[in-house]
Amino acid sequence: MRRALAALAAVPLIFFAAACGSDSGSGTSTAAAGEASGVKVTGNVGAKPTVTFPSGTPATKSSYEVITPGTGPAVKSGDKVIVNLTVYNWDGKGNALQGSSYDTKAPETIPVDGQLPKVLQDGFTQVKHGGRLLAVLAADAAPAQQQGQQAQPTKVFVLDVVGTPPTPLKAATGKETGDSLKGVKVVNPGGDKAPTLTTKTGEKPSKELVVKTLIEGTGAKVQPTQTLTVHYTGKIWGTDKEFDSSWGRGQPAEFPLSNVIKGWQQGLAGVPVGSRVVMSIPPDLGYGAQAQQGIPANSTLVFVVDVLSAY
């Protein structure tokens, strides 16, 4: 189920943050970026910005600038924030756009913590919800052991703070429907406990996507462009072989719905938050003829999923 998120390939903030890490801070400047770099940002918060680069070589020191302070709650260290972000490689030549969540319509959720480069940690805590931040991340933002190793282009981020994610439910809540999926057994233990999924059966799986609602939630219906928080268990039809479980890890999964397999995209769109569903996903809506870790080629996948939040 866990495919590399396409949005992160196009908009590599999290990748860059992971490379920079918490020990990036000691040499990182936090001067106003407009003074330090000459990068200019125009346009209104809530729309894709226009970024203008100065002539000459890119900045060699990291910096940030509060473009628009915002009027909502202040961002604090330890918060998770939902942002629309636009990213450029500042190489002094093409200064190419790397991606924008305004184009993908999939804002990112970013923890403001020690995993971010210090310039971003500092910058985020100077804005409020509804604000816009410009951050320039140069080579000095990388950990000491990585500085000088195949230096990456200076990156320029424009980050619009949309808000904070909703607090997810612990498990599905609502009324049991009594519905079921032929050949599959799900036991609902109640409370916050994980359901038990059994997929060992002699029944032939459907060649079509089948979605059955076991517990119907009362929240808003999931939209295709939203980011979901879910608990789930995945097994192979007919074998009862489990290949993945967020319940087993003790941590729900969070992802943009548009960036997972088609069976999830089609099966979860329109499901009310708080619901528990069981889905039978044929190979053409899963991984097809390409085997995955723990998943043979041409497998029919079965998931029981609790939809805990959507935003």
Side-chain angles (χ1 to χ4, degrees), residues 7-8 10-14 16-17 20 22 24-25 28-54 59 61-88 90 97-138 141 154-168 220 223 225-229 254 256 309-311:
L8 297 188
V11 188
L13 175 62
I14 306 302
F16 192 81
C20 292
S22 59
S24 60
T28 302
S29 165
T30 55
E35 299 171 6
S37 69
V39 175
K40 302 297 182 185
V41 179
T42 56
N44 295 325
V45 177
K48 187 177 176 180
T50 298
V51 178
T52 304
F53 293 86
K61 289 187 178 296
S62 299
S63 56
Y64 75 83
E65 179 184 2
V66 176
I67 305 298
T68 304
T71 58
V75 177
K76 304 182 297 298
S77 180
D79 286 354
K80 282 186 176 182
V81 290
I82 304 169
V83 300
N84 274 309
L85 56 90
T86 302
V87 188
Y88 287 84
W90 184 8
L97 173 69
Q98 296 300 291
S100 176
S101 62
Y102 283 112
D103 294 332
T104 63
K105 303 187 186 307
E108 299 287 349
T109 301
I110 300 174
V112 182
D113 59 21
Q115 295 302 306
L116 286 180
K118 190 173 186 300
V119 66
L120 283 174
Q121 296 177 53
D122 291 347
F124 271 126
T125 57
Q126 300 303 309
V127 296
K128 298 178 179 179
H129 293 186
R132 170 169 283 179
L133 178 70
L134 166 66
V136 177
L137 272 69
T154 295
K155 294 189 184 294
V156 172
F157 296 88
V158 182
L159 305 113
D160 292 354
V161 180
V162 176
T164 55
T167 301
Q223 301 301 311
T225 57
Q226 289 184 307
T227 293
L228 305 190
T229 303
E254 183 176 295
S309 74
Y311 60 92

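Computed over heavy atoms, backbone and side chain alike; hydrogens, waters and symmetry mates excluded.
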Fill in: Closest non-hydrogen atom pair, Pro165 against Thr109
CG-CG2, 3.6 Å
Worksheet item: Closest heavy-atom contact between Val136 and Ala59?
Response: CG1-CB, 4.2 Å
Worksheet entry | Qualifying residue, where the test is side-chain hydrogen bond (donor to acceptor under 3.5 Å, both in side chains) with Ser309 and the options are Thr227, Thr167, Thr229 | Thr229
For residues 123-135, which side-chain donor-acceptor pairs fall under 3.5 Å, sequence neighbours excluded?
from, atom 1, to, atom 2, distance (Å)
Thr125, OG1, Gln121, O, 3.4
Thr125, OG1, Asp122, O, 2.9
Arg132, NE, Asp160, OD1, 2.6
Arg132, NE, Asp160, OD2, 3.4
Arg132, NH1, Gly43, O, 3.2
Arg132, NH2, Asn44, O, 3.1
Arg132, NH2, Ala47, O, 2.9
Arg132, NH2, Asp160, OD2, 2.8

Return the [atom1] to [atom2] distance between [X] and [Y], rounded to the nearest 0.5 Å.
X	Y	atom1	atom2	answer
Lys155	Tyr88	NZ	OH	13.5 Å
Ile110	Asp79	CD1	CG	12.5 Å
Lys118	Ser62	NZ	OG	11.5 Å
Lys61	Thr154	NZ	OG1	12.0 Å
Lys48	Thr86	NZ	OG1	6.5 Å

Side chain [X], main chain [Y], donor-acceptor under 3.5 Å:
X	Y	result
Tyr102	Gly46	yes
Ser101	Leu85	yes
Thr164	Lys80	no

Discussion item. For Phe53 and Trp90, take the angle between the two ring planes, folded into 0 to 90°, and tell me which bin it lands in: parallel under 30, tilted 30 to 60, perpendicular over 60.
Written reply: tilted
Practice prompt. For Asp113, check salt bridge (charged side-chain N to carboxylate O under 4.0 Å, His left out) against everything at least two apart and list the hits.
Written response: none
Item to complete: Quick one: list whatever passes salt bridge (charged side-chain N to carboxylate O under 4.0 Å, His left out) with Lys105, sequence neighbours left out.
Response: none
Worksheet entry | Test item: Leu159 and Leu120 side chains (from C-beta on) under 4.5 Å apart, heavy atoms | yes
Discussion item. Can you tell me which residue among Val158, Thr50, Thr52 is in a side chain to side chain contact (heavy atoms under 4.5 Å, CB included) with Val41?
Written reply: Val158
